[in-house]
**Q** 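Structure provided below as C-alpha coordinates; questions to follow.
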Amino acid sequence: MNNSAFLIMACAITTLWGCANPVTIDTDYFEGTDFSGYETYRWFDDVIPSRTAEYRRYNSSDELMREVANAALRGKGMTLVDDDRAEFLVNYRLSADSKMDMNAYYNQPGLHGGVATGTYGTSVALGVNLGNPGPVYYKEGTVLIDIIDAQTREVVWRGAAEGRLPKPGDMSLDKRNQIIREVVPAILDSFPPQ
(Lines give C-alpha, C1' and ligand atoms only; values in the text may rest on other atoms or scores of the structure.)
Protein backbone atom coordinates (compact mmCIF):
# COMPACT_ATOMS: atom_id res chain seq x y z
CA MET A 1 0.00 0.00 0.00
CA ASN A 2 1.53 3.33 -1.01
CA ASN A 3 1.65 6.38 1.26
CA SER A 4 -1.25 8.25 -0.39
CA ALA A 5 -3.57 5.24 -0.15
CA PHE A 6 -2.61 4.81 3.52
CA LEU A 7 -3.26 8.52 4.19
CA ILE A 8 -6.69 8.36 2.52
CA MET A 9 -7.62 5.26 4.55
CA ALA A 10 -6.42 6.88 7.80
CA CYS A 11 -8.50 10.01 7.06
CA ALA A 12 -11.59 7.90 6.31
CA ILE A 13 -11.23 5.95 9.57
CA THR A 14 -10.71 9.16 11.55
CA THR A 15 -13.81 10.71 9.95
CA LEU A 16 -15.95 7.66 10.75
CA TRP A 17 -14.63 7.54 14.32
CA GLY A 18 -15.54 11.20 14.80
CA CYS A 19 -19.08 10.53 13.55
CA ALA A 20 -19.71 7.71 16.02
CA ASN A 21 -21.49 10.05 18.45
CA PRO A 22 -22.32 13.15 16.42
CA VAL A 23 -23.59 16.29 18.10
CA THR A 24 -26.43 18.07 16.32
CA ILE A 25 -26.53 21.85 16.72
CA ASP A 26 -29.62 23.86 15.81
CA THR A 27 -30.35 27.55 16.23
CA ASP A 28 -33.45 29.65 15.85
CA TYR A 29 -34.18 33.34 16.32
CA PHE A 30 -37.00 35.84 16.29
CA GLU A 31 -36.98 37.58 12.91
CA GLY A 32 -37.02 41.32 13.07
CA THR A 33 -34.75 41.51 16.12
CA ASP A 34 -31.93 44.03 15.77
CA PHE A 35 -29.01 42.05 17.17
CA SER A 36 -26.54 44.84 16.38
CA GLY A 37 -27.63 46.59 19.60
CA TYR A 38 -26.69 43.63 21.78
CA GLU A 39 -23.31 44.47 23.26
CA THR A 40 -23.77 44.05 27.03
CA TYR A 41 -25.33 41.13 28.89
CA ARG A 42 -26.01 39.53 32.25
CA TRP A 43 -26.83 36.01 33.31
CA PHE A 44 -30.56 35.37 33.70
CA ASP A 45 -30.06 33.68 37.09
CA ASP A 46 -28.40 36.83 38.44
CA VAL A 47 -31.46 38.93 37.54
CA ILE A 48 -34.44 36.61 38.04
CA PRO A 49 -34.39 34.56 41.27
CA SER A 50 -35.71 31.02 40.92
CA ARG A 51 -35.34 27.49 42.28
CA THR A 52 -33.24 26.62 39.25
CA ALA A 53 -30.89 29.50 40.00
CA GLU A 54 -30.49 28.27 43.59
CA TYR A 55 -29.78 24.74 42.41
CA ARG A 56 -27.19 25.90 39.90
CA ARG A 57 -25.16 27.66 42.60
CA TYR A 58 -24.32 24.22 44.01
CA ASN A 59 -23.74 22.55 40.64
CA SER A 60 -20.11 22.26 39.54
CA SER A 61 -21.09 22.69 35.88
CA ASP A 62 -22.56 26.17 36.41
CA GLU A 63 -19.23 27.94 36.87
CA LEU A 64 -17.72 26.21 33.85
CA MET A 65 -20.80 26.92 31.68
CA ARG A 66 -20.55 30.62 32.53
CA GLU A 67 -16.79 30.72 32.05
CA VAL A 68 -16.92 29.07 28.61
CA ALA A 69 -19.95 31.11 27.42
CA ASN A 70 -18.39 34.35 28.71
CA ALA A 71 -15.20 33.62 26.75
CA ALA A 72 -17.19 32.91 23.57
CA LEU A 73 -19.27 36.10 23.94
CA ARG A 74 -16.21 38.17 24.86
CA GLY A 75 -14.60 36.92 21.64
CA LYS A 76 -17.54 38.48 19.78
CA GLY A 77 -16.95 41.86 21.45
CA MET A 78 -19.74 41.54 24.03
CA THR A 79 -19.32 42.63 27.64
CA LEU A 80 -20.63 41.05 30.84
CA VAL A 81 -22.07 43.73 33.17
CA ASP A 82 -23.57 43.48 36.65
CA ASP A 83 -26.15 46.25 36.48
CA ASP A 84 -29.15 47.43 34.44
CA ARG A 85 -27.03 48.35 31.42
CA ALA A 86 -27.42 44.79 30.10
CA GLU A 87 -29.12 44.68 26.71
CA PHE A 88 -29.68 40.93 26.81
CA LEU A 89 -29.76 38.06 29.29
CA VAL A 90 -28.21 34.63 28.87
CA ASN A 91 -29.88 31.50 30.21
CA TYR A 92 -29.03 27.82 29.77
CA ARG A 93 -30.31 24.36 30.53
CA LEU A 94 -28.49 21.05 30.65
CA SER A 95 -30.42 17.80 30.51
CA ALA A 96 -29.96 14.09 29.94
CA ASP A 97 -32.84 11.91 28.80
CA SER A 98 -33.05 8.14 28.59
CA LYS A 99 -33.59 6.87 25.05
CA MET A 100 -34.15 3.48 23.45
CA ASP A 101 -32.98 2.33 20.02
CA MET A 102 -35.59 -0.10 18.70
CA ASN A 103 -33.65 -0.79 15.48
CA ALA A 104 -31.28 -2.94 17.52
CA TYR A 105 -34.24 -5.01 18.75
CA TYR A 106 -35.23 -5.97 15.21
CA ASN A 107 -31.69 -6.96 14.33
CA GLN A 108 -32.49 -10.66 14.69
CA PRO A 109 -30.01 -13.53 14.27
CA GLY A 110 -29.77 -15.37 10.99
CA LEU A 111 -27.62 -16.80 8.24
CA HIS A 112 -27.18 -14.73 5.11
CA GLY A 113 -25.45 -15.62 1.87
CA GLY A 114 -24.87 -14.63 -1.68
CA VAL A 115 -23.44 -15.92 -4.93
CA ALA A 116 -21.66 -13.76 -7.49
CA THR A 117 -20.51 -14.58 -11.00
CA GLY A 118 -18.11 -12.43 -12.93
CA THR A 119 -15.33 -12.37 -15.48
CA TYR A 120 -12.87 -14.12 -13.18
CA GLY A 121 -15.17 -16.85 -11.89
CA THR A 122 -17.87 -17.46 -9.31
CA SER A 123 -17.78 -16.81 -5.59
CA VAL A 124 -19.96 -17.69 -2.66
CA ALA A 125 -20.20 -15.65 0.55
CA LEU A 126 -21.89 -16.55 3.82
CA GLY A 127 -22.50 -14.33 6.83
CA VAL A 128 -23.88 -14.95 10.27
CA ASN A 129 -25.77 -12.29 12.20
CA LEU A 130 -25.82 -13.10 15.89
CA GLY A 131 -28.42 -10.40 16.44
CA ASN A 132 -29.04 -8.36 19.52
CA PRO A 133 -30.95 -9.66 22.54
CA GLY A 134 -33.08 -6.53 22.91
CA PRO A 135 -33.32 -2.79 22.47
CA VAL A 136 -30.31 -0.59 23.22
CA TYR A 137 -30.76 1.99 25.99
CA TYR A 138 -28.66 5.13 26.12
CA LYS A 139 -28.64 8.72 27.40
CA GLU A 140 -29.01 11.71 25.11
CA GLY A 141 -27.70 15.01 26.39
CA THR A 142 -29.02 18.46 25.51
CA VAL A 143 -27.40 21.85 26.02
CA LEU A 144 -29.82 24.74 25.44
CA ILE A 145 -28.74 28.39 25.43
CA ASP A 146 -31.31 31.21 25.31
CA ILE A 147 -30.66 34.86 24.56
CA ILE A 148 -33.40 36.98 26.12
CA ASP A 149 -34.06 40.63 25.37
CA ALA A 150 -33.51 42.52 28.64
CA GLN A 151 -36.37 44.97 27.96
CA THR A 152 -39.11 42.63 26.72
CA ARG A 153 -37.92 39.51 28.58
CA GLU A 154 -38.66 37.46 25.45
CA VAL A 155 -36.39 34.79 24.00
CA VAL A 156 -34.98 36.25 20.77
CA TRP A 157 -32.37 33.57 19.97
CA ARG A 158 -31.98 29.91 20.95
CA GLY A 159 -29.17 27.47 20.32
CA ALA A 160 -29.38 23.77 21.12
CA ALA A 161 -26.95 20.88 20.92
CA GLU A 162 -28.02 17.24 21.24
CA GLY A 163 -25.96 14.09 21.19
CA ARG A 164 -25.52 10.64 22.64
CA LEU A 165 -23.67 10.72 25.95
CA PRO A 166 -20.91 8.28 26.87
CA LYS A 167 -21.92 5.29 28.96
CA PRO A 168 -22.43 6.17 32.65
CA GLY A 169 -19.16 4.51 33.68
CA ASP A 170 -17.31 6.56 31.05
CA MET A 171 -18.86 9.91 32.08
CA SER A 172 -16.25 11.30 34.44
CA LEU A 173 -16.19 14.92 35.61
CA ASP A 174 -13.33 15.57 33.15
CA LYS A 175 -15.39 14.13 30.26
CA ARG A 176 -18.44 16.23 31.22
CA ASN A 177 -16.28 19.35 31.40
CA GLN A 178 -14.71 18.53 28.02
CA ILE A 179 -18.19 18.27 26.46
CA ILE A 180 -19.12 21.70 27.86
CA ARG A 181 -15.86 23.23 26.58
CA GLU A 182 -16.51 21.90 23.07
CA VAL A 183 -20.28 22.28 22.72
CA VAL A 184 -20.96 25.72 24.23
CA PRO A 185 -18.66 27.67 21.84
CA ALA A 186 -20.05 25.65 18.93
CA ILE A 187 -23.60 26.70 19.86
CA LEU A 188 -22.68 30.37 20.34
CA ASP A 189 -20.71 30.39 17.09
CA SER A 190 -23.87 31.40 15.20
CA PHE A 191 -24.87 34.16 17.64
CA PRO A 192 -25.71 36.82 16.69
CA PRO A 193 -27.32 35.60 13.47
CA GLN A 194 -26.09 37.17 10.25
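Heads up: numbering here begins at 1 and tracks the sequence.
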**Q** Hey, can you tell me if Y92 and W43 have their rings parallel, tilted or perpendicular (30° and 60° cut-offs)?
**A** perpendicular
**Q** Working to the nearest 0.5 angstrom, can you tell me the gap between I179 CD1 and D174 CG?
**A** 11.5 Å
**Q** Identify whether V47 and M78 are in the same connected component of the hydrophobic contact network (ILVMFWY, side-chain heavy atoms under 4.5 Å).
**A** no
**Q** Does D146 pair with R158 as a salt bridge, N-O distance under 4.0 Å?
**A** yes
**Q** Salt-bridge test for R66 and D46: reply yes if a basic N is under 4.0 Å from a carboxylate O, no otherwise.
**A** yes
**Q** Donor-acceptor pair, distance only, cut-off 3.5 Å: does the side chain of D34 make one with the backbone of S36?
**A** yes
**Q** Of all heavy-atom pairs between A161 and V23, which one has the smallest distance, and what is that distance?
**A** CB-CG1, 3.9 Å
**Q** Using modelled atom types only, decide if a donor and an acceptor are shared between the side chain of Q194 and the backbone of P192 within a distance under 3.5 Å.
**A** yes
**Q** Report the C-alpha distance between V143 and M65 in whole Å, list the side-chain angles of each, state the deciding distance to 0.1 Å, and finish with yes or no for side chain to side chain contact (heavy atoms under 4.5 Å, CB included).
**A** CA-CA 10 Å; V143 178; M65 278 290 299; 4.3 Å; yes
**Q** What's the spacing between D84 CG and Q151 CD if we round to 0.5 Å?
**A** 9.5 Å
**Q** Keeping the roles fixed (side chain from K76, backbone from D189), state whether a donor-acceptor pair exists under 3.5 Å.
**A** yes
**Q** Considering all heavy atoms of both residues, which atom of P185 and which atom of V68 are nearest to each other, and what is their separation?
**A** CD-CG1, 3.6 Å
**Q** Do side-chain atoms of T40 reach the backbone of R85 as a donor and acceptor pair under 3.5 angstrom?
**A** yes
**Q** Yes or no on side chain to side chain contact (heavy atoms under 4.5 Å, CB included) for I180 and E67, after CA distance, side-chain angles and deciding distance?
**A** CA-CA 10 Å; I180 290 171; E67 175 186 311; over 6 Å; no
**Q** Return the CG to CG distance between N91 and L144, rounded to the nearest 0.5 Å.
**A** 8.5 Å
**Q** Does a sphere of radius 6.0 Å around CG in D83 hold more than 12 heavy atoms from other residues, nucleotides or ligands, not counting ones at 6.0 Å or beyond?
**A** yes
**Q** Are more than 12 heavy atoms, taken from residues, nucleotides or ligands other than E63, located less than 6.0 Å from that residue's CD atom?
**A** no
**Q** Could you check whether F88 and F191 have their ring centres less than 6.0 Å apart?
**A** yes
**Q** Are side-chain heavy atoms of I145 and R93 found at a separation under 4.5 Å?
**A** no
**Q** Looking only at heavy atoms, what is the nearest atom pair of E87 and G37, with distance?
**A** OE1-O, 2.9 Å
**Q** Side-chain contact, heavy-atom cut-off 4.5 Å: R153 with I48?
**A** yes
**Q** Any chance CZ of F30 has more than 12 other-residue heavy atoms, nucleotides or ligands included, within less than 6.0 Å?
**A** no
**Q** Answer yes or no: is there a side-chain heavy-atom contact under 4.5 Å between T33 and Y38?
**A** yes
**Q** Please report the closest heavy-atom contact between I187 and T27, naming both atoms and the distance.
**A** O-CG2, 4.3 Å
**Q** If I compare all heavy atoms of V81 with all of R42, which pair ends up nearest, and what's the gap?
**A** O-CG, 2.9 Å
**Q** Just so I know, are the side chains of T24 and D26 near enough to count as touching, which here means a heavy-atom distance under 4.5 Å?
**A** yes
**Q** Hey, are the side chains of E154 and I148 touching, using non-hydrogen atoms and a 4.5 Å cut-off?
**A** no
**Q** Considering all heavy atoms of both residues, which atom of A150 and which atom of A86 are nearest to each other, and what is their separation?
**A** CB-O, 3.2 Å
**Q** Hey, any chance V183 and V90 share a hydrophobic cluster, counting ILVMFWY side chains that come within less than 4.5 Å of each other, even indirectly?
**A** yes
**Q** Any side-chain heavy-atom pair from L73 and Y41 closer than 4.5 angstrom?
**A** yes
**Q** Going by heavy atoms in the side chains, are S50 and F44 under 4.5 Å from each other?
**A** no
